[in-house]
Q: 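Could you have a look at this structure, given as structure tokens, before my questions?
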Amino acid sequence: EVQLVESGGGLVQAGGSLRLSCAASGFTFDDYIIGWFRQAPGKERERVSFISSTDGSTYYADSVKGRFTISSISSDNAKNTVYLQMNRLKPEDTAVYYCVAVRGITLVPTTWAEFDYWGRGTQVTVSS
């Protein structure tokens, strides 16, 4: 069974840092794009950051470039983890962050529905 389980969310003051983790199990990390969407209250889901398991290339939304860093670790037992290091957090980063994954493509999809797997999300709250 494929699972994406997020952790690491919480409450932090503006300017602080958090590291989100996405534990992916039930599939090998070959030929996947995996990363993060977020959804703030009253707003649509938006892409945040993604990484390719094929070549390690990354994508960042303009709003997080220079502040967030995505990375991944693969293991032999089909348990893989993707991290999102979030620095210099702002109140507008407050949202539920979801881990998502899709296989067999080279460009990051623009919409939530184009992904194959979704986690349940972890709340990030940044106070001013």
Side-chain angles (χ1 to χ4, degrees):
E1 179 187 4
V2 172
Q3 284 190 317
L4 299 176
V5 180
E6 304 95 336
S7 61
L11 173 64
V12 64
Q13 288 188 332
S17 298
L18 284 174
R19 188 176 80 159
L20 303 185
S21 299
C22 172
S25 61
F27 65 99
T28 58
F29 244 26
D30 297 335
D31 196 24
Y32 271 90
I33 290 176
I34 187 166
W36 302 85
F37 267 81
R38 69 184 180 186
Q39 186 168 24
K43 295 188 177 181
E44 294 186 354
R45 291 189 193 98
E46 62 174 352
R47 298 185 298 178
V48 178
S49 181
F50 299 90
I51 188 167
S52 167
S53 67
T54 302
D55 61 9
S57 58
T58 57
Y59 164 91
Y60 295 95
D62 288 342
S63 58
V64 307
K65 281 180 182 176
R67 301 188 297 121
F68 290 11
T69 303
I70 192 169
S71 60
S72 66
I73 295 177
S74 298
S75 63
D76 293 336
N77 61 355
K79 287 190 177 180
N80 308 285
T81 305
V82 174
Y83 299 99
L84 186 67
Q85 178 67 43
M86 306 187 296
N87 298 327
R88 303 200 308 276
L89 283 161
K90 304 175 181 180
E92 51 263 43
D93 294 318
T94 295
V96 178
Y97 284 71
Y98 298 92
C99 183
V100 296
V102 61
R103 186 178 185 186
I105 60 174
T106 56
L107 296 178
V108 177
T110 56
T111 66
W112 172 270
E114 294 174 87
F115 286 82
D116 296 328
Y117 306 112
W118 307 266
R120 294 188 174 184
T122 186
Q123 176 70 48
V124 171
T125 303
V126 184
S127 63
S128 57

Q: State yes or no: do Val64 and Val12 share one hydrophobic cluster built from I, L, V, M, F, W and Y residues joined by side-chain heavy-atom distances below 4.5 Å, directly or via other members?
A: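 They do share one cluster, since a chain of ILVMFWY contacts under 4.5 Å joins Val64 to Val12.
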
Q: For the CG atom of Leu20 and the CZ atom of Phe68, what is their distance to the nearest 0.5 Å?
A: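 Output value for this atom pair is 8.0 Å.
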
Q: Could you tell me the separation between the CG atom of Leu18 and the CG atom of Leu84, rounded to the nearest 0.5 Å?
A: 10.0 Å

Q: Count I, L, V, M, F, W, Y as connected when their side-chain heavy atoms are under 4.5 Å apart, and connections chain through other members. Are Val102 and Trp118 then in the same cluster?
A: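 Val102 clusters together with Trp118.
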
Q: Please confirm whether the backbone N or O of Leu107 pairs with a side-chain atom of Tyr59, one donor and one acceptor, at under 3.5 Å?
A: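 Such a contact is absent between Tyr59 side chain and Leu107 backbone.
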
Q: For residues Ala40 and Ala95, report the shortest heavy-atom separation together with the two atoms involved.
A: N-CB, 3.8 Å

Q: About how many Å separate CH2 of Trp36 and CD of Glu46, when rounded to the nearest 0.5 Å?
A: 14.5 Å

Q: Would you call Lys90 and Asp93 a salt bridge, taking side-chain N to carboxylate O under 4.0 Å as the test?
A: no

Q: Ring centres of Tyr98 and Trp112 under 6.0 Å apart?
A: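 Yes, they do, as the ring centres are separated by less than 6.0 Å.
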
Q: Evaluate the side-chain proximity of Thr111 to Phe37: yes if any heavy-atom separation is below 4.5 Å, no if none is.
A: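 The answer is no, as the side chains (C-beta and beyond) never meet within the 4.5 Å cut-off.
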
Q: Which distance, rounded to the nearest 0.5 Å, do you find between the CZ of Arg19 and the CE of Met86?
A: 11.5 Å

Q: Determine the minimum heavy-atom distance between Ala24 and Leu4, stating which atoms define it.
A: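 Scanning both residues, the minimum pair turns out to be CB-CD2, 3.5 Å.
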
Q: For the residue pair Leu11 and Gln123, establish whether any side-chain heavy-atom pair is separated by less than 4.5 Å.
A: no

Q: For Ser57 and Asp55, work out which heavy atoms get closest and say how close.
A: OG-OD1, 2.7 Å

Q: Quick one: closest heavy-atom pair of Ile51 and Ile70, and the distance?
A: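 Taking Ile51 first and Ile70 second, the nearest heavy atoms are N-CD1, 3.8 Å.
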
Q: Spell out, yes or no, whether Val96 and Val82 are grouped together once hydrophobic residues are joined by side-chain heavy atoms under 4.5 Å, including indirect joins.
A: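 In one cluster with Val96: Val82, no.
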
Q: Would you kindly confirm whether Val108 and Tyr117 end up in one hydrophobic cluster when ILVMFWY residues are joined by side chain heavy atoms under 4.5 Å apart?
A: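 The answer is no; the residues belong to distinct hydrophobic clusters.
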
Q: Check whether Ser53 reaches the backbone of Asp31 with its side chain - one donor and one acceptor, N or O, closer than 3.5 Å.
A: yes

Q: So Phe50 and Phe115, would you call those rings parallel, tilted or perpendicular, with 30° and 60° as cut-offs?
A: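 Ring orientation, 0 to 90° scale: parallel.
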
Q: So, taking the atom named CD1 in Ile34 and the one named SG in Cys99, what distance separates them when rounded to the nearest 0.5 Å?
A: 4.5 Å

Q: Counting distance only, does the side-chain N/O of Glu6 pair as donor-acceptor with the main-chain N or O of Thr122 below 3.5 Å?
A: no

Q: How about Tyr97 and Arg38: does a side-chain donor come under 3.5 Å of a side-chain acceptor?
A: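 Side-chain D/A pair, Tyr97 to Arg38: present.
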
Q: Give a yes or no on whether the backbone of Gly35 and the side-chain of Arg47 come within a donor-acceptor separation of less than 3.5 Å.
A: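 Checked: no pair found.
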
Q: Can you tell me how far the CG atom of Asp116 sits from the CD1 atom of Ile105, to the nearest 0.5 Å?
A: 8.0 Å

Q: Check for a donor-acceptor pair, side chain of Ser72 on one end and backbone N or O of Thr81 on the other, with a separation under 3.5 Å.
A: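 No; judged by distance alone, with no hydrogens or angles, the pair does not exist.
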
